[in-house]
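Here's the structure, in structure tokens; my notes come after.
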Amino acid sequence: MTKVIPTTPIAGQKAGTSGLRRQTRDFMAPHFLENYVQSILNGIGGAEGKTFVLGGDGRYFNAEAIQTILRMAAANGAAKMIVGQNGLLSTPAASHLIRLNKTNGGFILSASHNPGGIDADFGLKFNMANGGPATEAVTAAIFEATQNISEYKVLEAADVDLSTLGETQMGDMQISIVDPVVDYAALMQTLFDFDAIRALFAGGFTMKFDAMHAVTGPYAKHILEDLLGAPAGTVMNGTPSVDFNGGHPDPNPIWAHELMAIMTDPDAPDFGAASDGDGDRNMIVGRGAYVTPSDSLALIAAQAHLAPGYAQGLSGVARSMPTSGAVDRVAEAKGIECHETPTGWKFFGTLLDASRVNLCGEESAGTGSDHVREKDGLWAVLMWLNIIAKRKMSVGDLMAEHWQTYGRNYYSRHDYEAVDSDVASKLMDDLRTKLPALKGQTFAGLTVEKADEFAYDDPVDGSHTSGQGLRIFFDGGARVVLRLSGTGTQGATIRVYLERLELDPAALGMDAEEALADVIKAADAIAEISARTGRAAPDVKT
Ligand code: G1P
Ligand code: ZN
């Protein structure tokens, strides 16, 4: 029986950079999840007769939320739900299933790289029929629905057993419980030279993949160990846990320190990689050689043709604005399109759908292509393995060769986390006011050439997005960008992105923080970060 439950709008159900992300207890509060799910369905024009994909990263409350979404989808007339076994689907695998099955979209339960648990974070995002995050327009319609909601519908039905593969029913709605890994693994085999990578491992190449107790464990074990023949134990922390074993599943040198320790040991394996809570981020590290996501994107742009799925070359590339300009230099050399978009994967969708680009990346450990409409952690790892198998060079040597060819964009991101929201907004407001007067002024020996606030006009659908980060460009190709995070759940996170281009072949091997010392000083002098936040140093440098 369908129950119609009266409700009232809940404040703050506004999606951020990637769906709605809140503390888990907020999501568990009465009506919170239900209001948001009904608002999604209302915002997309209802569920009647539609098919959706449903799954998540397995964090605390994943299983319960899935049952609620099933009951609500059934009550709203959905025809079918395709659900990952045990409620698990990595974000890129969910994106693939949405496309493969030509569904109307999907619900992805994840707070990505944020910690999980009853006292940590939870999230829900809706992806559209192209497999990508809801566009700005649909996101706005969903938000509008959250502000007008007066009732939601839920079917009175028992929980569905999510552990058994196959077909089942809830009311009139069909439910297919699918293996989360097989279709995704099949897609990867169409893109990469699995024989070459298999031969690489057979020849003694060694690797560690850190799944960080999150969703990619089963994917990495199947693909790396079963299909590609990497020895058992190549995948570490490979069993998904509801709280990521108490960790912070963000693949960067700070949070993936266990892997970093292994990779800086004299006996380190040849290759290291990690992925985040929901499997869309990646970290690439060679023996003693960490690769920044911006450099990884540039190297992939230069060498992707070595992978069968990209043998015909790239149509174009896109990067989020704060990502370094390293990939632009490759695009220029290859004579292909290069786009600079606001932060967040949703802005790549129109370019990918229109085949304007088939490689995208963000400095925040996100890399991907047109095979799905999300960034894809394991895809990036397989791309690197494919390149290494063909080039027969180490990660460090590949990067050194890249910098000799294109120059090096020294890069670092400094995050100031859980800053008082008022302090952070005032810092940004005051800096915005000051931007026009900065031109020609010198800070820490760097002279400002231009300063502005980034806005984007989508070349495919013509939409305009403003307020996407404050940028200060200096003579000689250095740049500072400041923006506030749209994914945090406590206070504000100020992100400071620092970059400097180096073309001198003799100066390409410096430590990034040293190479950026003047840029860091100039950023602090202009934005008064330490004075206003009272912090002597950032919380995280990536
Ligand atoms: C962060 C990253 C951004 C990424 C998003 C979702 O968003 O900076 O590149 O798309 O997570 O993974 P932010 O917290 O900066 O808004
Ligand atoms: Zn993620």
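First listed ligand is number 1; within each ligand, the first listed atom is number 1. One is the number of the first residue; the rest follow in order along the sequence.
- Protein heavy atom in closest approach to atom 10 (O) of ligand 1: E362 OE2, 2.6 Å.
- Remark: ligand 1 atoms within the under-4.0 Å shell around heavy atoms of G486 are 13 (P), 14 (O), 16 (O).
- Side-chain contact of S241 with D243: a donor-acceptor pair under 3.5 Å is present, judged by distance alone.
- F192 and Y310 have tilted rings, their planes meeting at an angle from 30° to 60° on a 0 to 90° scale.
- Nearest-residue assignment for atom 12 (O) of ligand 1 (options K375, E374, K125; heavy-atom criterion): K375.
- A heavy-atom distance below 4.5 Å is found between the side chains of Y219 and S90.
- Salt bridge status for R471 with E340: present, with a side-chain N to carboxylate O gap under 4.0 Å.
- Ring geometry, Y411 versus Y497: the interplanar angle falls from 30° to 60°, so the pair is classed tilted.
- D278 contributes OD1 as its N, O or S atom closest to the Zn ion (ligand 2).
- Ranked by closest heavy atom to atom 1 (C) of ligand 1, the top entry among R281, H113, R21, R483 is R281.
- Looking only at side-chain heavy atoms (C-beta outward), Y416 and V423 stay at 4.5 Å or farther from each other.
- Not one N, O or S atom of T91 sits under 2.8 Å from the Zn ion (ligand 2).
- Counting only heavy atoms of the protein, atom 7 (O) of ligand 1 lies nearest to T487 CG2, 3.5 Å.
- Summary: OD2 is the N/O/S atom of D276 found nearest to the Zn ion (ligand 2).
- Ligand-side atoms of ligand 1 in range of T343: 3 (C), 8 (O), 9 (O), range being under 4.0 angstrom from any heavy atom.
- Between D415 and the choices R495, K541, R483, the salt bridge (Lys or Arg N to Asp or Glu O under 4.0 Å) rule is met once, by R495.
- When all heavy atoms of T139 and A134 are compared, the pair lying nearest together is OG1-O, 3.3 Å.
- Minimum interatomic distance between K125 and S18 (heavy atoms only, all atoms of both residues): NZ-OG, 3.3 Å.
- For D280, the N, O or S atom with the smallest separation from the Zn ion (ligand 2) is OD1.
- Ligand 1 has a nitrogen or oxygen under 3.5 angstrom from a nitrogen or oxygen of R495.
- Considering both main-chain and side-chain atoms, S485 comes within under 3.5 Å of ligand 1 through a nitrogen or oxygen pair.
- Atom numbering of ligand 1 starts at 1 in the shown order; those under 4.0 Å from a heavy atom of G344 are 10 (O).
- Proximity of S364 to ligand 1, defined as any heavy-atom pair under 4.0 Å, is confined to the side chain (atoms from C-beta onward).
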